[in-house]
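To start, the structure itself, in structure tokens.
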Amino acid sequence: MKKLIFLALLLSSLTGWSQSPIAYEFFDQALKKAETGNLKGAIADYTKAIRTDPLFAEAYLNRALLKQKSGDIKGALDDVNKTIIIEPKKGDAYTTRADINYKAKNYTGAIEDCTISITLNPKDYIAYNLRGLSNIHIQNKKNACADFTKAIKLGSQSAVKNKKMFCK
């Protein structure tokens with residue numbers, strides 16, 4: 001699921017561009033470095049893009065993903081929160097924050113963020129699946145199974161496995 005979220009957010013980067021051509025250049029360099037596994041270099045380039053354009057929401061969001069991947073949960077949460085401040089209707093940011101909350105065992109926070117994400121993008125099968133997993137952890141099997149079912153209808157393969165495991 002990490003790879004899917006990472007890939008989805010990197011691909012969604014094409015829609016939320018900054019106004020500064022220099023920021024674009026740093027952003028593009030960061031994408032290339034991230035693709036090759038150079039997380040430190042990519043984070044540094046996203047930071048340069050953000051310094052050039054402090055309202056570059058996609059740079060914050062992508063940097064959050066890389067910080068999360070490298071274990072900097074606080075930094076990831078700070079960046080995704082900044083993304084939400086800049087673009088409060090960006091569903092992917094809520095899904096990312098939900099994933100961070102889930103990994104931090106803040107299942108209620110993950111459910112809240114998934115619900116916002118689904119409100120903004122009703123086809124976000126990642127959010128449905130993640131909300132289902134969070135509901136399992138808080139012992140709400142009925143809601144979890146409903147979320148897995150919806151995620152499956154939207155094309156989630158992970159939800160198929162989760163439903164088989166948790167909704168017997």
Side-chain angles (χ1 to χ4, degrees), residues 1-18 27 30-32 34-35 37 39 42 46 56-73 75-168:
M1 186 158 73
K2 272 188 209 177
K3 288 182 181 179
L4 186 56
I5 291 172
F6 180 71
L7 180 61
L9 291 171
L10 286 178
L11 291 176
S12 74
S13 299
L14 300 174
T15 61
W17 290 102
S18 161
F27 187 87
L31 283 174
K32 290 174 186 167
E35 287 173 4
L39 299 184
Y46 284 130
F56 199 166
E58 284 299 322
Y60 281 105
L61 186 56
N62 285 5
R63 189 174 73 174
L65 289 167
L66 296 181
K67 284 181 176 181
Q68 179 186 10
K69 191 172 184 175
S70 66
D72 180 6
I73 301 306
L77 199 53
D78 289 345
D79 278 354
V80 78
N81 286 335
K82 183 69 173 178
T83 303
I84 290 168
I85 289 167
I86 295 167
E87 288 189 34
K89 295 191 184 270
K90 186 162 189 47
D92 291 349
Y94 293 96
T95 304
T96 300
R97 189 167 70 182
D99 187 50
I100 293 168
N101 281 324
Y102 179 82
K103 289 180 176 129
K105 299 183 180 183
N106 176 4
Y107 304 117
T108 303
I111 290 167
E112 290 169 4
D113 283 332
C114 286
T115 300
I116 295 168
S117 181
I118 290 164
T119 300
L120 294 169
N121 177 10
K123 295 183 180 182
D124 186 350
Y125 64 85
I126 294 169
Y128 279 107
N129 189 50
L130 187 55
R131 189 171 72 176
L133 288 169
S134 297
N135 273 307
I136 288 294
H137 284 284
I138 65 165
Q139 309 298 314
N140 191 336
K141 185 176 178 179
K142 179 181 174 186
N143 285 353
C145 295
D147 281 338
F148 294 144
T149 299
K150 183 66 175 178
I152 291 166
K153 287 180 184 174
L154 294 170
S156 173
Q157 295 303 308
S158 296
V160 172
K161 294 174 190 171
N162 291 333
K163 188 173 180 182
K164 283 181 185 176
M165 183 181 299
F166 298 114
C167 302
K168 297 176 183 176

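Quick caveat, the model's predicted, so the values are computed rather than measured.
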Measuring from [X]:[atom1] to [Y]:[atom2], what's the distance to the nearest 0.5 Å?
X	Y	atom1	atom2	result
Asn135	Lys141	CG	NZ	13.0 Å
Lys161	Ser156	NZ	OG	9.5 Å
Asp78	Tyr60	CG	OH	10.5 Å
Ile116	Thr95	CD1	OG1	10.0 Å
Asn101	Ile73	CG	CD1	10.0 Å
Ser134	Asn143	OG	CG	11.5 Å

Check whether any side-chain heavy atom of [X] lies under 4.5 Å from a side-chain heavy atom of [Y], and answer yes or no.
X	Y	value
Asn129	Asp147	no
Lys142	Asn140	yes
Asp92	Thr83	no
Asp99	Gln68	yes
Lys90	Glu58	yes
Asp113	Ile100	no

Point to revise | Heavy-atom donor-acceptor pair, Tyr94 side chain to Lys89 backbone, under 3.5 Å | key: no
Check your understanding: Do Ser117 and Asp124 have a side chain donor and acceptor closer than 3.5 Å?
Key -> yes
Review point. Given the rule in the side-chain contact (heavy atoms from CB on, under 4.5 Å) test, do Val80 and Leu61 qualify, once you have shown the distances and angles that lead to the verdict?
Key: CA-CA 5 Å; Val80 78; Leu61 186 56; 3.8 Å; yes
Provide the closest heavy-atom pair for [X] versus [Y] in the form atom of the first, atom of the second, distance.
X	Y	result
Cys114	Ala127	SG-O, 3.4 Å
Thr119	Pro122	O-CD, 4.3 Å
Arg97	Leu77	CG-CD1, 3.7 Å
Ala42	Leu66	CB-CD1, 3.4 Å

Check your understanding: Using 30° and 60° as the class limits, which term best fits the ring planes of Tyr107 and Tyr102: parallel, tilted or perpendicular?
Key -> perpendicular
Practice item. Give the intermediate values and the outcome of ring-ring contact (aromatic ring centres under 6.0 Å, His included) for residues Tyr128 and Phe148. Key: CA-CA 7 Å; Tyr128 279 107; Phe148 294 144; over 10 Å; no
Check your understanding: Between Phe27 and Tyr46, does the ring centre distance come in under 6.0 Å?
Key -> yes
